[in-house]
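Working notes for the structure below.
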Protein chains: 2
Amino acid sequence: MIINIDYTKRCPIYEQIVTEIEREITLGILKPNAQIPSVRTLACDLGINPNTVKKAYDILEEKGLIISKSTKGTFISDDISKIKDIKITELMTNLNDIINELLNYGLTKEEIIKKIK
Amino acid sequence: MIINIDYTKRCPIYEQIVTEIEREITLGILKPNAQIPSVRTLACDLGINPNTVKKAYDILEEKGLIISKSTKGTFISDDISKIKDIKITELMTNLNDIINELLNYGLTKEEIIKKIK
DNA sequence: ATAATTGTATTATATGTACTAATACAATTA
DNA sequence: TAATTGTATTAGTACATATAATACAATTAT
């Protein structure tokens with residue numbers, strides 16, 4: 001698993017890890033029950049501290065997206081059905097906000113749609 | 001000038017002030033050469049420290065959007081022509097990113113446009 | 001003339017978040 | 001037996017943010 005950490009972002013590393021793994025799950029890159037790198041391995045690959053990876057994994061487990069098994073490893077949950085809808089809803093909300101702001105600036109719906117194409 | 005500070009946001013207070021004043025300028029609410037509240041007044045109104053307002057004003061002055069005159073007050077710049085285009089370009093970039101992500105999730109261009117309407 | 005207001009500036013302090021460092025333990029696997 | 005796993009703890013560092021408490025000079029209002 002290769003995650004590009006962007007140190008210039010305000011977004012903390014552990015959150016970038018969460019977002020990327022969520023993304024790979026929803027896009028089907030990471031499949032249910034698949035094993036993901038151990039805390040130490042990923043930390044080493046990314047050149048960061050294991051605690052930082054552990055924090056990301058804790059959040060993902062809290063969300064029900066991964067399951068950590070002692071001495072076994074960490075795995076994608078077997079039920080990831082909800083996450084995709086949640087993600088799309090999030091994106092649609094952001095889309096809405098931006099479009100409303102563009103409308104405030106005087107652009108018309110047609111102009112926006114034209115630029116999307 | 002009423003600015004709603006959202007303390008739950010990751011975005012710092014001074015940046016929320018910058019964003020809101022930029023917004024009011026581009027939307028024509030704050031007009032060129034208009035006087036805006038003093039550092040102390042705004043700080044008092046918002047219930048925050050004057051230094052925080054000062055920081056926001058410094059950034060806005062650095063951007064050329066406001067001008068601070070010693071012992072006189074702080075005023076909107078007389079030339080604010082560029083800022084609107086900059087803001088719209090920013091929004092269009094964000095719009096693009098979100099749409100690309102939605103396309104990744106399997107939505108079609110037509111579905112997205114339909115939801116916009 | 002006096003008091004209040006303006007922008008400006010400085011120093012010190014507090015706080016929260018992020019991240020790292022250095023370990024340690026128990027259980028499983030090679 | 002050695003290596004790997006998740007888990008956990010404690011301590012420390014670094015940074016950004018925000019506040020507190022002042023101070024100064026110039027202008028404005030009373």
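In what follows, chains are A, B, ... by sequence order, proteins preceding strands, each numbered from 1.
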Output the distance between atom [atom1] ([X]) and atom [atom2] ([Y]), rounded to the nearest 0.5 Å.
X       : Y       : atom1 : atom2 : answer
A:Tyr14 : A:Thr19 : OH    : OG1   : 10.0 Å
A:Gln16 : A:Ile3  : CD    : CD1   : 9.5 Å
A:Asp79 : A:Leu65 : CG    : CG    : 10.0 Å
A:Leu30 : A:Ser77 : CG    : OG    : 12.5 Å
A:Thr74 : A:Glu61 : OG1   : CD    : 7.5 Å
A:Ile98 : B:Asp97 : CD1   : CG    : 8.0 Å

Name the first nucleotide and the last nucleotide along DNA chain D (5' to 3') that come under 4.0 Å of a heavy atom in chain B.
D:dT17 to D:dT28
Under the 3.5 Å Watson-Crick or G-U criterion, the dot-bracket string of DNA chain C, with | for inter-strand pairs
||||||||||||||||||||||||||||||
Please tabulate, for the side chains in residues 110-117 of chain A, all donor-acceptor contacts under 3.5 angstrom to protein atoms that are two or more places apart in sequence or on a different chain.
unit_1, atom_1, unit_2, atom_2, d
A:Glu111, OE1, A:Thr108, N, 2.9
A:Glu111, OE1, A:Thr108, OG1, 3.4

Would you mind reporting whether B:Asn104 and B:Asn100 have side-chain heavy atoms less than 4.5 Å apart?
no
If we only count heavy atoms from C-beta on, is the B:Ile17 to B:Leu46 side-chain gap below 4.5 Å?
yes
Go through the structure and list residues passing side-chain contact (heavy atoms from CB on, under 4.5 Å) with A:Ile88, not counting sequence neighbours.
A:Lys84, A:Met92, B:Leu102, B:Tyr105, B:Leu107
With sequence neighbours excluded, residues passing side-chain contact (heavy atoms from CB on, under 4.5 Å) with B:Ile29
B:Glu24, B:Leu27
Do any side-chain atoms of residues 33-40 of chain B form donor-acceptor pairs under 3.5 angstrom with protein atoms, and if so which ones, sequence neighbours left out?
unit_1, atom_1, unit_2, atom_2, d
B:Gln35, NE2, B:Lys72, O, 3.4
B:Ser38, OG, B:Thr41, N, 3.0
B:Ser38, OG, B:Thr41, OG1, 2.8

Can you name the salt bridge (Lys or Arg N to Asp or Glu O under 4.0 Å) partners of A:Glu15, sequence neighbours left out?
B:Arg10
Between protein and nucleotides 28-30 of chain C, what N or O pairs are separated by less than 3.5 Å?
unit_1, atom_1, unit_2, atom_2, d
C:dT28, O4', A:Thr71, OG1, 3.1

Inter- and intrachain pairs under side chain to side chain donor-acceptor pair (under 3.5 Å), touching residues 85-95 of chain A, at least two apart
A:Glu22-A:Lys87
Expected list for residues 6-24 of chain B near DNA chain D, using heavy atoms below 4.0 Å, is B:Pro12, B:Ile13, B:Tyr14
Among residues 40-55 of chain B, which residues get a heavy atom nearer than 4.0 Å to DNA chain D?
B:Arg40, B:Ile48, B:Asn49, B:Asn51, B:Thr52, B:Lys55
Show me the donor-acceptor pairs within less than 3.5 Å that the side chains of residues 47-56 of chain B make with the rest of the protein, sequence neighbours left out.
unit_1, atom_1, unit_2, atom_2, d
B:Asn49, OD1, B:Asn51, N, 2.9
B:Lys54, NZ, B:Asp58, OD1, 2.8

